[in-house]
Protein chains: 2
Amino acid sequence: MSQPPDGRVPDLTLLIARNRPRFRTATEFVEAAMREAILEGVLPAGAPLRQEDLAAAFGVSRMPVREALRQLEARALVEFHPHRGAVVAEISAEDSADIGAIRAALEPAALRLSLPHLTADDFALAAELVAEMDAEADPGRMGELNRRFHMTLYARAGRPRLLALVEQHLAAADRYLRFQFAALGYHPRSQDEHHALLTACHAGDGEAACGIVVRHVIQAADQLGAFLEGRG
Amino acid sequence: MSQPPDGRVPDLTLLIARNRPRFRTATEFVEAAMREAILEGVLPAGAPLRQEDLAAAFGVSRMPVREALRQLEARALVEFHPHRGAVVAEISAEDSADIGAIRAALEPAALRLSLPHLTADDFALAAELVAEMDAEADPGRMGELNRRFHMTLYARAGRPRLLALVEQHLAAADRYLRFQFAALGYHPRSQDEHHALLTACHAGDGEAACGIVVRHVIQAADQLGAFLEGRG
DNA sequence: CAGAGGTAAATTGGATCCAATATCCAGGCA
DNA sequence: TGCCTGGATATTGGATCCAATTTACCTCTG
């Protein structure tokens, strides 16, 4: 992680500058910025979230921070400990398997709905993202590309709630992509699967594509689970 | 439904008495009570949620109410309109199909994981719940029983996050069960499917059971969608 | 009589203030 | 020396207060 867990809030100025104009209310802004920070790994798992410090970092009072933390709690991204403050939610090996099971159920469903409606532009974008991933070395950026690649293939499903759920769990898994990245050569193997997935989709072979997605997801979850197991 | 949408907060004393002792903080209590009220239909879709009134009804200040509303917003149960207040989220025909697609993906997955670990006690409980539903006439209670029946079959999946997600969407669908109930004879047909589902599970036939669940879920979503379409 | 404009009321969004509780460190006692 | 106790400190949970904005009503005018 970019910051040692010393209790200080990492530098969020970039996130703030990027997001602030997009939102009308401070609460929405803080929620979006903090969610992004957690998913990008700027706020690592276990990091304490002092309300006072966050408020100062965002240039608002504690109240929008509190509301944002409650929303993130509902999304299982942060945990509250009574009178001890909130921390970025840790993930366990069981959680990894759990998220893997959810992804393995949702993503094929999204793909099946989306596949018939994918356009040439969609395939071009997906191919471009795979190519970018081939060249990318930065783990943080990797997660972003990986997410966009998957979501591009699912985007035409026409089911906003389903897609939101898929994206949420995809992001939750990506929080730890950097570990898999650092560990035993996940990257090339994952990339092979991305290529195969794109090919199957382009060929219109939904069943093959879904099979690849399921294996891809399960394998990622297993690998992350093994890594986390080794840690704990 | 029990209340006309006159802007007044319905009587919540029962919910309050039932829930208050279970929670340490006012925020958690309000969040749980309001979620229950929305899912049970005590607070119908579209009902305005005046912070001041809710605070008075719960005997707290506006602050815990605001935090609770934010959490419910993250769960898509309420919507905020700038400076006009929050309302209980409406559901559209598209939303119904959306939730149906999610359930159709998640519930078979949960059932497949759970089925091998179901005990005789579980089957007994499930059978009892089906029998209760056969006799039940009250729509509100129906939803509760329906939810518990489904969750009993999924309970041994050993995936807490997956189960939480399943329960959440099951509950979201159940909010409108009373409409299907009132409309064209949904009840008997649904009950036939419940019986068939239980039989298949008891026989250990996972594939058949999953097929029944998927049809059951899709059919419920279609019927609700048609009903909502007729309304809008 | 209808419509536009303006003002007042209502309600949320945000900040500050107060109380309750958990942590931490120092000091005393076994 | 190690453990327990007690008070100071830090931090959250909750309440009150203020400002900004929207809605509704009422009046005035064409």
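What you see below is based on every heavy atom in this structure, not just the backbone, and it leaves out hydrogens, waters and symmetry mates. Sequence lines set the chain letters: A, B, ... in the order given, protein chains first and strands last, and positions in each chain run from 1. Just so it is clear, the model here is predicted, and its values are computed rather than measured.
Less than 4.0 Å separates DNA chain C from at least one heavy atom of each of the following residues of residues 76-84 of chain A: P82(A), H83(A), R84(A).
At the phosphate of dG14(D), OP1 or OP2 sits under 4.0 Å from a side-chain N or O atom of T27(B). Phosphate proximity of dA10(D) to Q51(A): absent, as no side-chain N or O sits under 4.0 Å from OP1 or OP2.
Counting to the nearest Å, the P atom of dG13(C) and the CZ atom of F29(A) are 17 Å from each other. Regarding L49(B), its CG atom lies at a distance of 12 Å from the P atom of dG13(C), rounded to whole Å. If you take CZ of R70(A) and C1' of dG13(D), they are 8 Å apart, rounded to a whole angstrom. E67(A) has its CD atom 16 Å from the P atom of dT12(D), to the nearest Å. The CG-P distance, from L54(A) to dT12(D), rounds to 9 Å in whole Å. The nearest whole Å value for the distance from the CZ atom in F23(A) to the P atom in dG14(C) is 13 Å. A straight line from CZ of R62(B) to P of dG14(C) spans 11 Å, rounded to a whole angstrom.
The side chain of P64(A) has dG14(C) as its nearest neighbour among dG14(C), dT12(C), dG14(D). The side chain of R66(B) has dG14(C) as its nearest neighbour among dA15(C), dA15(D), dG14(C).
Salt bridge E31(A)/R75(A): present, at least one basic N to carboxylate O contact under 4.0 Å. The existence of a salt bridge linking R70(B) and E73(B) is confirmed by a sub-4.0 Å separation between a basic side-chain nitrogen and an acidic carboxylate oxygen.
Panel note: side chain T27(A), backbone A68(A); no donor-acceptor pair is recorded below 3.5 Å.
A cation-pi geometry, defined here as NZ or CZ lying under 6.0 Å from the six-membered ring centre and within 45° of its normal, does not hold between R159(A) and Y154(A).
When only modelled atom types and interatomic distance are considered, H117(A) and D122(A) share no side-chain donor-acceptor pair under 3.5 Å.
To the nearest 0.5 Å, the span separating OG1 on T152(A) from CG on L125(A) amounts to 4.0 Å.
Nearer to the 5' terminus of DNA chain D, by closest-nucleotide assignment, is the contact made by G85(A) (compared with the other of M63(A) and G85(A)).
Nucleic acid contact class of L69(B) (heavy atoms, under 4.0 Å, all strands): none.
Under the 30°/60° scheme for interplanar angles, the aromatic rings of F23(A) and F29(A) are found to be tilted.
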Report all interatomic pairs (protein N or O, nucleotide N or O of nucleotides 5-10 of chain C) with separations under 3.5 Å.
none

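Side-chain contact check for L77(A) versus L39(A): some heavy-atom pair is nearer than 4.5 Å.
Every residue two or more places apart in sequence or in another chain that forms a side-chain contact (heavy atoms from CB on, under 4.5 Å) with M63(A) is listed here: S61(A), M63(B), R66(B).
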